[in-house]
Amino acid sequence: MKTIRSIFVLAFLCCVFLPLHAQILFSEQAALLGCSGSSFGGGTLGGGISFFDFDNDGWDDITVTSELGEPVRFYRNTQGAFQEIDLGLDDNMGETKSVVWVDFDNDGDYDLYASSNTHSRRLYENDGTMSFTDITEAAGLASSDLHDWGASWGDYNNDGWLDLFQNSRHEDDPIYHNKLFRNNGDGTFTNVTVETGLPLEDHVSFCSSFFDYNNDGWQDIYIANDRPQNPNLMYRNNGDGTYTEVGAATGTDIAINAMSTAIGDYDRDGWMDIYVTNTPEGNAFFRNNGDNTFTDVAAANGTLMETVAWGAVYLDADNDSDLDLYVSSSWTDPELHLTSAFYENDGTGNYTIPEDAGFENDTAISYANAIGDIDNDGFPDMIVLNFAPNDIFIWKNECPQTQNWLKVKLEGTESNRQGIGSMMEISVNGEKQYNYTLCGEGYLGQNSAYEFFGIGDATSIDYLKVTWLSGIVDVLENPDINNHLTLVEGSTLSIEESQQQAFTLYPNPSSGLVQIKAPEGVQDFEVHIRDIHGRKLFAQIMDTTSSTLNMEAFSKGMYLVTLKNGAVQSSYKVIVE
């Protein structure tokens, strides 16, 4: 009897104290929400799709590519439903691959970049009123190399302007190689492929992602290459304007029919992981070991898939605080291979495909996918680009809204305006989560400008921390939950020191004369001073023989002082009294 009573008590305690996972459920609602007639068509290996708020009204819109002879389509989100609109673009009706909304000129509105494998790439500048001008030629981006594929944007030299990495895919002619274009900050771009040490060789590359795999503050580039004779590439940013290829050294040079690169921190350790799709030999799931190496755990954690997979995207579908994974496929016969896969994270980094999640009829020929928020309810929805006769899928998130969340959008001041390349960290009861901001990812996809954090049944967040490419660190304590937050760079400067802290600065507060003690072996270092709005006020090279920083001419108030020497960096709030 005591044994039976003990079993009942244990069962009761488990029900009370163990977290309950909400039933994950999605429903396909493209026609219902106004996106009929949105098929890609039947072009070469699919195209791209964007789930991004292109008119900056707070609602995630949809941009859909198309096959040769058909236009790019734009669907404006009208508070939870979509309406196709004409943006008046001079569309050349080429077969479009990537469509990426990017604020390349840091003026606060979104410009449109489109790549094509049949026509020249195009850059349309937004004048702030949603009126667009084709500036491709004037910007130095016009091209007769008609084999462009994925496009990703990042700031490789940390100068505050977003640069372009354009993938090229051609199996027969090495002239069609990947290219890196530096944003000159004046509306023009310069091809710096040779200057940065990138090869002029054809790797049959589908897509790439700018991200910081080693957390050194510089954006690296990971590339998915088609065909086993072209191993995937990892370009490490050296911090001096050049790259070094380290695929073999990092263990990411997998030789497969790689399609896409999805970036996320599935195990919440602060190091970004990579998911790579493939043909039936199986996908790769690279866990970042935090020591400049990766380990493929796809077979061990249940995400091998073994079909013809294309787009992949991380999302916390039920806002339970761990990242799930959705993968599209061009396979249509569920008797032979998976036609798509929604993988639920069990909280330990292992994945299973849940029953009755709504994807039973997900059997279209599918390629790109992306996440956004249709109705601003804080639960991520998904869109998928399909071949004809299927229109796009809009997978509306129908999970019970019993879990809490936070959505964060960034506005850079010293960094690029979109805050691309920033690391976000939240703490909930001491448990951390991390998101990294990208612009162009997956297979020809673009996700919402908002980053999603699910916090389960927690009722508060300890803090939100953002580390920008500029080195500025913002910390917002106890942000409101179930909220859409836009964080401006420098608006909540952190007093705490960065992980690379090594300098000492005193006294603080100060009357204006501040002593700087450099770490042993450092002879000279950079000093940058910004005001509380992130505006740069002072920059100088100093050495250890004259290490008194004179701020006596500054008005009384608070300033951010950043000290740099190579990878060593310290940031302080300094108060001048």
Side-chain angles (χ1 to χ4, degrees), residues 47-77 82-146 148-155 159-167 179-192 411-412 416-420 439-440 444 446 448-449:
I49 197 163
S50 169
F51 207 168
F52 190 90
D53 178 15
F54 54 66
D55 56 2
N56 214 8
D57 67 350
W59 297 83
D60 286 329
D61 308 300
I62 298 175
T63 307
V64 183
T65 62
S66 59
E67 65 179 339
L68 184 66
E70 295 293 328
V72 174
R73 299 180 178 89
F74 305 94
Y75 294 88
R76 174 178 285 152
N77 189 334
F82 295 92
Q83 179 182 8
E84 186 173 4
I85 61 172
D86 184 355
L87 293 180
L89 300 181
D90 183 19
D91 192 333
N92 60 25
M93 303 297 182
E95 181 168 298
T96 309
K97 292 305 175 189
S98 285
V99 279
V100 181
W101 292 95
V102 54
D103 188 0
F104 82 92
D105 50 6
N106 287 342
D107 64 354
D109 55 50
Y110 298 114
D111 313 292
L112 177 63
Y113 178 80
S115 65
S116 173
N117 64 323
T118 61
H119 289 66
S120 174
R121 60 187 77 104
R122 289 153 287 155
L123 179 62
Y124 298 97
E125 183 178 18
N126 186 346
D127 69 357
T129 68
M130 294 297 290
S131 178
F132 295 86
T133 302
D134 186 342
I135 63 166
T136 311
E137 186 170 351
L141 292 176
S143 173
S144 59
D145 295 354
L146 307 180
D148 284 348
W149 225 265
S152 52
W153 291 76
D155 184 2
D159 66 351
W161 300 92
L162 286 173
D163 311 299
L164 166 65
F165 190 79
Q166 178 60 66
N167 291 103
K179 299 177 180 66
L180 177 61
F181 293 93
R182 182 185 66 226
N183 187 334
N184 300 317
D186 60 1
T188 68
F189 292 79
T190 298
N191 186 336
V192 292
E411 183 179 317
N416 63 83
R417 183 65 176 257
Q418 285 177 249
I420 301 303
C439 186
L444 309 175
Q446 182 182 23
S448 171

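Numbers for residues simply follow the sequence, beginning at 1.
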Under a 3.5 Å distance rule, please check whether [X] uses its side chain to pair with a backbone N or O of [Y] as donor and acceptor.
| X | Y | value |
| --- | --- | --- |
| Asp103 | Gly108 | yes |
| Arg121 | Ser143 | no |
| Asp105 | Gly187 | no |
| Glu70 | Met93 | no |
| Asp163 | Asn183 | yes |

Should Asp61 and Asp55 be marked as a side chain to side chain contact (heavy atoms under 4.5 Å, CB included) after you check the CA-CA gap, both sets of side-chain angles, and the distance that decides it?
CA-CA 8 Å; Asp61 308 300; Asp55 56 2; 3.0 Å; yes
Could you state the interatomic distance from CG (Leu123) to OG1 (Thr133), rounded to the nearest 0.5 Å?
10.5 Å
Residue pair Thr65 / Lys97: nearest heavy atoms and the distance that separates them:
CG2-O, 3.3 Å
Look at the rings of Phe74 and Trp101 and say which category their plane angle falls in: under 30° parallel, 30 to 60° tilted, over 60° perpendicular.
perpendicular
Once you measure the plane-to-plane angle for Trp153 and Tyr113, does it fall in the parallel (<30°), tilted (30-60°) or perpendicular (>60°) bin?
perpendicular
With a 4.5 Å limit on heavy-atom distance, are the side chains of Phe104 and Ile135 in contact?
yes
In the structure I gave you, are the side-chain heavy atoms of Asp109 and Asn56 within less than 4.5 Å of one another anywhere?
no
In chain order, what residues pass the salt bridge (charged side-chain N to carboxylate O under 4.0 Å, His left out) check against Asp155, with sequence neighbours excluded?
none
Output yes when Arg417 and Asp107 qualify as a salt bridge under the 4.0 Å nitrogen-oxygen rule, no when they do not.
no
